[in-house]
Amino acid sequence: MPIILQPLDVVVALSLALRPGQTFAKIGEQLQISASTAHQAVRRLLAAGLVFTRGGRHEANVAGLEEFIQHGIRYAFPPERGRRQRGVPTAHSAPRMHSILDGDVDPLVWPSPRGSVVGTSLTPLMPTAAEVIAQQPDLYELLALADLLRVGTARDRAVAGERLRARLTELVQ
């Protein structure tokens, strides 16, 4: 049976890029998923070459992950927009991107009753994204950039790609 990446796998890979060597239990705790779900995601990521094992620890292949997110994510996991509702801002509406990109565009949000913005809903890569990011602003920024690369204009994608490259480069230094 072929191994097919799931949207959650990108989130797990980004989590490993931020914190290499996490156990499956720790990944699960941080992302509000089970340890077995984290294990399956890492297994798929290993097969895809987006994660590798070094000294018994799982680490993200940062260069491969950057390439996949910049050039493949919008094709592998196309954006699903929904109705207007309250949620957590993402893509061009996220706090660190809103000031850089066109503020006149209708906000995009991950649906959440605890959200602070009303806008067009965007299905997140991970169902619990809106809850998880409150404790993990670094992961929030990376997920918002991934969403911007999924939904943005060519200019938006260029800005997001530069920002993603800079953030991931910081992680490997």
Side-chain angles (χ1 to χ4, degrees), residues 3-53 57-82 87-97 108-112 114-115 121-152 157 160-161 163-172:
I3 295 179
I4 300 170
L5 287 177
Q6 303 293 315
L8 173 65
D9 300 347
V10 175
V11 182
V12 170
L14 288 171
S15 182
L16 282 169
L18 291 165
R19 295 172 236 354
Q22 295 179 81
T23 64
F24 299 127
K26 188 66 173 173
I27 294 169
E29 178 186 319
Q30 290 185 344
L31 301 180
Q32 298 180 6
I33 59 175
S34 69
S36 63
T37 299
H39 177 267
Q40 291 299 315
V42 170
R43 187 176 68 80
R44 290 187 296 269
L45 290 162
L46 284 164
L50 296 175
V51 165
F52 60 90
T53 304
R57 294 172 24 127
H58 297 295
E59 299 181 19
N61 170 358
V62 175
L65 184 57
E66 176 196 339
E67 180 181 9
F68 176 73
I69 293 173
Q70 281 207 42
H71 303 291
I73 198 166
R74 68 187 180 127
Y75 301 108
F77 310 118
E80 295 177 38
R81 295 175 196 234
V88 175
T90 187
H92 61 272
S93 307
R96 294 188 180 168
M97 298 309 294
L108 285 175
V109 299
W110 295 323
S112 172
R114 291 181 276 188
S121 65
L122 178 68
T123 302
L125 294 171
M126 175 178 69
T128 58
E131 290 77 37
V132 167
I133 52 89
Q135 297 84 26
Q136 299 181 63
D138 50 355
L139 183 59
Y140 178 20
E141 179 182 11
L142 293 175
L143 291 176
L145 289 169
D147 278 348
L148 187 54
L149 287 160
R150 291 169 64 209
V151 303
R157 289 194 311 272
R163 180 83 177 159
L164 179 71
R165 178 176 294 115
R167 287 292 292 126
L168 291 176
T169 301
E170 290 171 13
L171 297 174
V172 294

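In this text, all values refer to a predicted model and were calculated from it rather than measured experimentally.
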Please confirm whether the backbone N or O of [Y] pairs with a side-chain atom of [X], one donor and one acceptor, at under 3.5 Å?
X      : Y      : result
Arg157 : Gly152 : yes
Thr90  : Leu108 : no
Ser112 : Glu131 : no
Gln22  : Ser15  : yes
Glu59  : Pro20  : no

Calculate, to the nearest 0.5 Å, the distance between atoms [atom1] and [atom2] belonging to [X] and [Y] respectively.
X      : Y     : atom1 : atom2 : value
Leu65  : Gln70 : CG    : CD    : 10.5 Å
Phe24  : Ser36 : CZ    : OG    : 10.5 Å
Arg165 : Ile69 : CZ    : CD1   : 12.0 Å
Ile133 : Leu31 : CD1   : CG    : 12.5 Å
Leu168 : Glu67 : CG    : CD    : 12.5 Å

Give me the atom names and distance for the closest heavy-atom approach of [X] to [Y].
X      : Y      : answer
Leu5   : Phe68  : CD1-CZ, 4.3 Å
Val151 : Pro79  : CG1-CB, 3.3 Å
Leu122 : Trp110 : O-CD1, 3.5 Å
Arg150 : Glu80  : NH2-N, 4.2 Å
Ala17  : Leu171 : O-CD1, 3.7 Å
Ala60  : Ala13  : CB-O, 3.6 Å

Any [X] side-chain heavy atom under 4.5 Å of [Y] side chain:
X      : Y     : result
Leu125 : Ile73 : yes
Ile33  : Val11 : no
Leu16  : Val42 : yes

**Request:** Kindly check if the number of other-residue, nucleotide or ligand heavy atoms within 6.0 Å of CD (Gln32) is above 12?
**Result:** yes
**Request:** Count the heavy atoms of every other residue, nucleotide or ligand shown that sit under 6.0 Å from CD of Glu170, and state whether that count exceeds 12.
**Result:** yes
**Message:** Applying salt bridge (Lys or Arg N to Asp or Glu O under 4.0 Å) as the test, list every pair that has at least one member in residues 34-49; sequence neighbours left out.
**Reply:** Asp9-Arg44
For residues 134-144, tabulate all N or O donor-acceptor pairs below 3.5 Å that involve a side-chain atom, not counting sequence neighbours.
| residue | atom | partner | partner atom | Å |
| --- | --- | --- | --- | --- |
| Gln136 | OE1 | Arg19 | NH2 | 2.9 |
| Gln136 | NE2 | Gln30 | O | 2.8 |
| Asp138 | OD2 | Arg19 | NH1 | 3.3 |
| Tyr140 | OH | Pro89 | O | 2.4 |
| Glu141 | OE1 | Arg96 | NH1 | 2.6 |
| Glu141 | OE1 | Arg167 | NE | 3.1 |
| Glu141 | OE2 | Arg163 | NE | 2.6 |
| Glu141 | OE2 | Arg163 | NH2 | 2.5 |

**Request:** Please test Leu149 against Arg74 for side-chain contact (heavy atoms from CB on, under 4.5 Å), starting from the C-alpha separation and ending with a verdict.
**Result:** CA-CA 7 Å; Leu149 287 160; Arg74 68 187 180 127; over 6 Å; no
